[in-house]
Amino acid sequence: MESYVTVSGLISQFLVGLSRAMILFIVSSGLSFILGVLRVPNVAHGSLYMIGAFVAHTLAMAAGGGAAGFWLALVLAPTAVALISLAAERLLFCHLYEREHLMLLLFTFALALILGDLTKITWGADYRSLVAPPFLQGSVMVLGTPFPRYNLFLLAVGPVVALGLWLFSNKTKVGKIARAAAVDREMVGAIGINVGRVFAFAFVLGCFLAGLGGALVSPTVSITLGMDHTIIIEAFLIVTIGGLGNMWGALAGSLIFGVSQSMGILLWPQFAIVFPYLAVVIILTLKPTGLLKSVW
Amino acid sequence: MLEVQGIHTYYGLSHILFDVSLRVEAGQVVCLLGRNGAGKTTTLKSIMGLAPPARGRIRFNQRDVTGWPPYRMARQGAGFVPDNRRIFADLTVGENLEIAARQGPGAEKWDRERVYDLFPALRAMDRRRGGLLSGGEQKMLAIARALMTNPQFLLLDEPTEGLAPLLVKSLGERIRKLKELGLTVLLAEQNLRFTLGLSDYGYIIDNGRICHHGRVAELVNDPQVRKICGI
Amino acid sequence: MTRSLILSRSSFGWSAALLLVLLLVPAWAGRFTIYILAFVFVMALLAMSLNLLVGHGGIYQFHHAAFYGVGAYTAGLIAAKTAWPVWVGFCAGPLMAAAAGWVIGLFCVRLNKLYFGMLQISLGSLIWIIALRWYSLTAGDDGIHGIRMPELLSGSVTIYYFLLAVVTVCLLSLYLVYKSPFGVTLRAIRDNPQRCEAVGINVRRHQLLAIIIATFFAGVAGVLFVVLEGSIFPDMLFWVLSLEILIMCLLGGWFTFFGPVVGAAIMVTLRTFVGSVTEYWTMVLGIVLILLIFFLPEGIMGINFRNWSRRRSRRAAARAAEDTDAAG
Amino acid sequence: MKKERFFSVGQLLMWAGCLLAVVMPAAAEARDIKVGIVDTYSGPAAVFGNDALNGFKLAVNEINKQGVLGGKIVFTTRDEQFKVDIGLNVAKELVLKENVDVLVGTINSGASMAISEAVAKKEKIPFIVWTAKSENITGKAGHRYVFSTAENTAMAGKSAAVAFAKKPFKKFWIAGDDYEYGHAIADAIWRNLKKIKPEVEAIGRTWWKPGEPDLIPYLTAIQAAKPDCIIFATGGVSMANVLKAIKTTGMENKIPAWIHTATDHSVLKPLGMNAPEGVMGTIQYHYYYPETPANKKFVADFQAAYGNPPGFPAFNAYTTAQLIAGAYRKAGKIDKEKFIDAMEGLKVDTPVGKVEMRACDHQAVYPMFLGTTKISQEFGGAIAADIITLQGDEVMPTCEEIAEARKQK
Amino acid sequence: MLLVEDLHKSFEDFTAVDGANLQVRQGELVAVIGPNGAGKTTLFNLITGHLKADRGRIRFLDREINRMAAHEICRQGIARSFQIANIFHRLSVFRNVQVSVLSQKKLSRSLFRPAQTLVVEETRRILESVGLLGKQLDIAGSLSHGDKRILEIAIALGNEPQLLILDEPTAGMSPEETASTMELVKRLARDQGLTILFCEHDMDVVFDVATHIMVMQHGRTLIQGTPEEVRRNATVQDAYLGGA
C-alpha cells in the first residue's frame with residue numbers, strides 16, 4: 001500500500017540483510033561442516049548456539065560487563081560450547097556414527113531436549129542482554145541512513161570466519177583430512193589416521209561455530225530460552241539449499257536467507273515471513289540437491 | 001610377518017569368509033587369487049580391520065591384531081590399496097599424498113619426492129583434483145598414497161582391474177621394484193598371468209574359502225585352479 | 001479363513017484383547033483416563049499415518065503435522081464458519097489433507113531423503129503461515145476454540161467411543177494397505193528403490209500414492225482432534241509437532257506396524273504424568289530417548305522381534321520377522 | 001496398574017511439596033481449596049510464568065495465615081510449554097483428575113481461550129486468566145466461567161489512544177509481532193485513536209514473526225519513512241529486542257515510540273544502563289510506583305522471598321489470589337457457582353489500591369500507568385518516569401460494548 | 001529383438017561405452033565378454049534405462065527405448081539381474097519375488113486386498129523353478145551369497161520377461177553352484193523360450209552355454225558372432241582369451 005523505498009533505504013536494508021546473513025552463515029557453516037564430515041544432522045546445534053549466548057553473557061558480566069568482557073566472552077563462550085560438545089561426542093555420540101540418519105536425528109534431538117532443560121536449570125528463565133563494547137554501539141550514517149555499527153562489525157566478522165574456514169580446510173593438514181573423511185571415512189582410517197579423533201574434532205569445530213554465532217548475536221537480541229528453536233530450522237534450510245555439507249553452499253544459503261528476508265521486509269512487510277521459505281521451495285524445485293555440490 | 005588363522009567374516013547377516021587362513025613371510029609377495037565375489041577383498045579388509053572377522057585370529061608382526069581399527073593397522077605398518085581406488089576425489093594429488101604422510105615402521109623413508117620418482121606421471125598432476133584422474137592414474141595414486149604411510153607390508157587389491165595391458169605391465173614392474181626395496185606384499189588378483197612372474201606363493205580363494213595354496217608355478221598348472229581363475 | 005490369512009493368530013489375539021480392554025475402559029476408569037486415552041488415539045493415528053511413509057516407505061516426511069492441521073482446520077472452519085452440517089467438515093478434512101499431500105508430494109517426490117524432508121518442511125511451513133496469518137479466516141495464532149459438535153458427540157464417553165471406532169477402522173484400513181500388494185511394494189521400495197524400478201515399478205508414483213494415503217489419515221486424525229477438543233490453532237501445523245510424531249514412530253519401532261501406537265502412548269503419558277511431577281519433563285524424555293537409542297535401536301516394538309528370534313529356531317525367527325515386518 | 005501407582009506417588013510428593021510447612025487441618029468439614037495453575041514454565045515466556053507463580057505464592061502464604069473458610073488455599077502447577085494442546089491436556093488433568101476448585105493461568109492467549117471453552121465452560125469450573133492479554137477472553141468469547149485479572153489489549157490500546165490524543169503526533173507507523181496480541185493491540189489503539197482524533201494517519205505497518213531475533217532490518221526500514229511516532233504492538237521476547245534495536249539504530253530520542261509494558265522491569269532490567277530513553281509505555285503495575293505503604297510492603301516481602309522485585313505478572317497473580325480468597329469468604333462455602341456469584345463485583349485490596357472484578361464481563365478493573373523510560377542511576381537502569389495515571393473506567397471498554405461484541409459472536 | 005547401435009556413454013572423466021553394437025535375436029542366448037572395466041555393466045545399465053546414453057540407439061521389439069525410464073523399459077519385457085546381489089534385504093524370499101510378480105500383474109498399487117492371497121501360485125512356481133521354494137520364508141538378507149544371486153534371477157523372472165539380462169550371474173559362486181546356475185539359465189531358455197543376454201567371466205561357461213558371443217573391450221564392440229567365430233578371431237585371442 002505505502003511504499004517508502006529509496007535507494008539509500010534499499011542499500012541499508014541490503015546491508016542489514018547481509019549482516020544477518022553473517023550470523024546465519026557462522027551457525028549454519030558449523031552445521032554444514034558436521035553434516036559434511038560426520039553425516040550427522042545435528043538438531044542440537046541450535047541449543048549450542050543458545051548456550052553460546054548464555055555463556056557469553058555470564059562471562060561478560062563476570063568480567064565486569066565492559067569491552068574487555070565482551071571480547072573475552074567472544075573467545076571463551078565458543079570454547080565452552082566446544083568443550084560441552086566434546087563431552088557429548090566422546091561420551092555418547094562416538095558410538096553411534098554407523099546408525100541410520102533418522103536415528104542420529106533422534107539422538108541429536110534428545111540431546112537438544114536435555115541441553116535445553118540444562119540451560120533452564122543453569123540460567124533460569126530471565127531475559128538477559130549483552131552490551132556491545134562502546135565503539136560498536138550506536139550507528140553510523142551509510143548513504144544517508146543510519147546503519148548500526150555492530151552490524152558493520154558483523155559484516156567484517158562473517159568474511160573473516162569464512163576465510164578462516166577456507167584456510168583451515170584447504171591449507172591445514174587436519175582440514176584436508178576432514179575433507180577426505182567427508183568423502184571416504186574408511187579409507188582415511190586405512191592410511192593411519194584415527195578417524196574417531198577426526199570426527200570428534202570436526203564435531204567440536206562445528207559446535208564451536210554454533211557457540212560463536214550465539215556469542216556474536218547476543219548484543220543484538222535478548223538472550224532467552226527458546227532461542228534454539230528459531231535458529232535451528234533456519235540453519236537446516238540454509239544448508240539444504242546450499243548443498244548438504246558444502247561450506248560455500250552454507251554461505252550462499254545464508255545470503256539468500258538473510259537478504260530475501262530483509263528485502264522482503266522492505267517490499268512487502270506483511271509477508272516478509274514467507275520469503276525465506278519460498279526461496280527454499282524455488283531453489284529445491286529447480287535444483288533438487290541444492291545450489292552447490294553436496295557431499296551426500 | 002602376517003598370519004591369518006581361520007577367520008570368519010560377516011557383512012550384516014551374510015557369511016562371507018569361512019575359515020580363511022594364510023601366511024605371508026617378510027619380503028615375500030603372496031598372491032590371493034579368485035574371481036569376482038570370491039572373498040578376496042573381504043579377506044584384505046578383514047586383515048586391515050575394515051571388516052573385522054567374527055571369529056579367528058590375525059597376527060601381524062608377532063602381535064595379535066584381531067579387531068584392531070584400521071588406523072592402528074596402518075600405524076603398525078600395513079598399507080592398504082583398495083580395489084576401487086578410493087581416491088579422495090575432492091583433494092588434489094598432492095593433498096592425497098600429504099594427508100597420508102606418516103613416519104611408519106618401513107625401512108624406506110618415502111616422501112612425496114620419492115613417490116613421484118616411482119610414479120613420474122603423478123608429479124605433473126600434483127595440483128590436479130584426484131577425481132579428475134584417469135583410472136590408471138588413480139591406481140598409481142592409491143599405491144603412492146599407501147607408500148606415504150611408510151609401510152612394511154602392502155595389501156594390494158586387484159591393482160590391474162580395468163587397466164590397459166601396457167599399464168598392467170608397468171604396474172608389474174613397480175611392484176617388483178617395491179619388492180626389491182624390501183616391502184612385503186599381499187596381492188589380491190583375478191588375473192593369474194599378472195601374478196605369475198611377481199609372486200612367490202599363492203592362495204586360491206573361492207566362495208569364501210581357501211581351496212588351494214602353493215607356489216605360483218605349481219598352482220598355474222593345476223587344472224582346477226585354472227578353471228577357478230577362468231583360464 | 002480369510003482372517004487367519006490377514007492377521008496371524010497371535011497378533012489377532014492381541015489386537016482383539018486390546019480392543020476389548022479399550023471398550024471396557026469407560027466402565028471403570030476415571031474421566032481423565034478416558035480423555036487422555038482418547039487423546040492417545042488421535043496421536044496414535046497420526047503417528048501411524050506418518051509411519052506408513054517413514055518406516056515402511058523410507059520417505060522422509062518431516063512435516064507431517066501440516067496435514068493433520070489441514071484436516072483439523074478444514075473440519076473446524078466448516079463447523080465454526082458455515083451452516084453446513086459438521087459431517088461435511090468431517091469428510092472434507094481428510095480429503096483436503098490428502099489433496100494438500102498430493103500437491104506437496106508432487107513437488108517433493110523428485111527429491112531424495114534429507115532434501116525431500118527439507119523441501120517438505122518449507123512447503124508445510126507455507127501452509128502453517130496461512131493458518132497463522134489469514135486472520136479473517138483462521139483467527140491467527142489464537143486459533144478458534146469452542147467449536148460446537150453435534151449433540152451426538154457431546155459426552156466424553158461418546159466421544160471416546162467415536163474416536164475408538166474411527167481410529168480402529170482407520171488402523172484396520174492402514175493394516176490392510178500394509179498387507180496389500182501396495183504395502184509390500186512400498187517396503188520393497190524402502191529396501192531398494194533401484195531394484196524396484198528394474199522390476200517395472202514406478203517408484204515415484206508409488207511414493208506419491210503413499211503420501212496421499214498417509215496425509216488422508218493425518219487429516220482424519222486432525223478431524224478427531226477437533227471432535228475431542230473443539231479447538232484449532234496454528235501450533236497443530238508447526239514443525240515441532242512433526243518432530244514429535246516422528247519421534248513417536250522411532251520410539252515405538254518404525255519397522256513394525258504397531259510401534260507408532262506404542263510410541264504415541266508413551267509420549268503422551270510421559271508428558272502428562274512426568275510433566276506433573278517435574279518441570280523438566282523434556283529432559284526426562286531426552287534421557288529416555290538416549291537410553292532407547294543405545295539399548296533398543298529398533299524401538300520398543302522392535303525388541304519383541306529380537307527376543308523371539310533368540311528363543312526360536314532360525315526359520316521360526318524368519319517367520320516371526322515376516323510377521324513383525326507385516327504385522328508387528 | 002503400575003502406571004497408576006507410579007502416578008499417585010508423584011502426586012503425593014507434589015502435594016507434600018506444595019503444602020510444605022502447612023499442617024493439614026483436622027476438621028473434616030473445613031477442607032482446603034485446590035487451585036490448579038496452568039502456565040508456561042519453559043521457553044522464552046517462562047520468565048512471566050515464574051514471576052506470576054511467585055506473586056501467587058506470596059499471596060497464598062499471607063492468606064493461609066488466617067485460612068479461608070477454615071481451610072487453606074493449596075495449589076499445584078502444570079507447565080503447558082506455551083502449547084495449546086498441552087495446555088488442554090494438563091487443564092483437563094487438573095480438573096478431571098485432581099479435582100481442583102479453580103483453574104488459573106496462563107500467559108498463552110490461545111491456550112487460555114481453549115481452556116476457557118473446552119474446560120471451564122464445559123466442566124463448569126471457574127477459570128481465571130492472569131497474564132494472557134487477549135481482549136477476546138472476557139470480550140466476545142467471555143462467558144460465566146471465565147475471569148481475567150490481566151489487563152487486556154483493549155485496555156492497553158485505549159490507554160495508549162487516550163495518551164496519544166494529547167500529543168501532537170499525526171503520522172504513525174504501526175509495527176509489531178505478527179500474532180493475535182500484536183494485531184489486537186494495534187487494532188484497539190487505532191480504533192480508539194481514530195475516534196478521539198480523526199486526523200491521525202497510519203503511514204505504514206510492519207509485522208514480524210513473534211520472537212524474531214533481529215529486528216534491526218525492520219526498524220531501519222521504518223526509520224526511513226520518518227513517521228511522527230511508532231506504535232510497537234509487541235510483547236514477550238520481541239519487546240526487549242525492539243528496545244535494543246531502538247538503541248542500536250539510533251532512533252532513541254529521535255522518533256517517539258510506544259510499547260505496551262515497555263516500562264516493565266523484567267524487560268528493562270536486563271538492558272541495564274543501555275536501555276533506550278524516551279520510550280513510552282503503559283502498564284498496570286510498577287514496583288516503585290505508586291509509593292504507597294501497601295505497595296512498599298508487597299515489594300519488600302516479595303524481594304525478601306524471591307530476591308527480585310515483582311513484575312506485573314506477580315501483581316496480577318497476587319490480585320488473583322486475593323480475589324479467590326475474597327470470593328470464597330464471601331460465598332461462605334466451597335461451591336463453584338457460589339464462587340462465581342461472589343466474584344462478580346468483588347473488590348479487594350491490592351498494592352495499587354482497590355481492584356474490582358467487573359460483574360458484566362468478569363474483567364478486573366485496573367488503573368493504567370503511562371510512563372516514559374529514563375535512565376536512573378539509583379536503579380542501575382531505566383525506569384518509568386513522568387508517570388500519568390489513567391483510571392480504570394477511563395481505559396476499559398464499556399459494558400455495552402462488551403455486550404455488543406458478545407452478541408456479534 | 002534387441003538392437004544396440006553405436007552407443008556412447010561417458011562419465012565425468014572417462015568413457016565407459018564408446019561405440020557399442022549388439023544384436024539379440026529371439027531365442028538366442030547371447031554372452032557379452034570382455035575384461036574388467038570393458039563397459040559390460042554400463043552397457044547393461046544403458047539398455048535397462050538405469051543410465052541414459054549420450055549417443056546411439058537402443059531398439060527393443062522395434063521400439064526406441066533410449067529415452068524410457070527404467071520401469072517403463074521393464075514393462076516392455078526386459079528384466080535383469082544385477083552384478084552385486086540387489087535384493088530387498090528386509091523382506092522374505094517369497095516377498096522378494098512376489099513384489100516383481102505383483103508389478104508385472106499391475107497389482108502393485110492394489111490397496112485393499114491381502115497380498116498373502118495374491119499371485120501365490122505364480123510366485124511359488126518361480127521359486128520352485130529356481131530351487132528356492134524351501135527357503136521362501138527366510139529373510140532375504142540372511143541368504144548365502146549364491147542364494148542371493150539366484151534370488152536375483154527369480155526376481156527378474158517375476159516380470160515374465162521376453163528378454164532376460166543377467167549381469168555376471170555366477171560371480172562369486174562355487175563351481176557346483178556355477179554349474180547349476182548355468183543349468184538353470186539353459187533350462188529357462190529352453191523351457192520358457194526366454195531370450196537371454198548375459199555377461200560372464202568363466203569362458204568354459206560362456207562357450208558352453210551361449211549361442212552367440214559379443215566381445216567388448218574399452219567400451220567398444222570387437223566382434224559379435226557364434227562361439228566358433230569368436231574363438232577363431234585373432235584380435236579376441238590376443239585381447240582377452242590370452243592364448244590359453
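In what follows, every chain begins at residue 1, and chains take the letters A, B, ... in the order their sequences are listed.
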Contacting moiety of [X], where chain D heavy atoms sit under 4.5 Å:
X: D228(A); answer: neither
X: T224(A); answer: side chain
X: L130(A); answer: backbone

Atom of L268(D), atom of A275(D) and distance for their closest heavy-atom approach: CD2-CB, 4.1 Å

Side-chain donor-acceptor contact under 3.5 Å, Q81(D) with T40(D): no

Distance, nearest 0.5 Å, that separates CG of N274(D) from CD of E252(D): 9.5 Å

Pick from S262(A), P148(A), A132(A), S129(A) with the largest number of heavy-atom pairs that fall under 4.5 Å of chain D: S129(A)

Worked verdict on Y150(A) versus F153(A) for ring-ring contact (aromatic ring centres under 6.0 Å, His included): CA-CA 5 Å; Y150(A) 191 78; F153(A) 169 66; 5.4 Å; yes

Parallel, tilted or perpendicular, as decided by the 30° and 60° cut-offs, for the rings of F315(D) and Y285(D): parallel

Residue F82(D) versus chain A: region with a heavy atom under 4.5 Å: neither

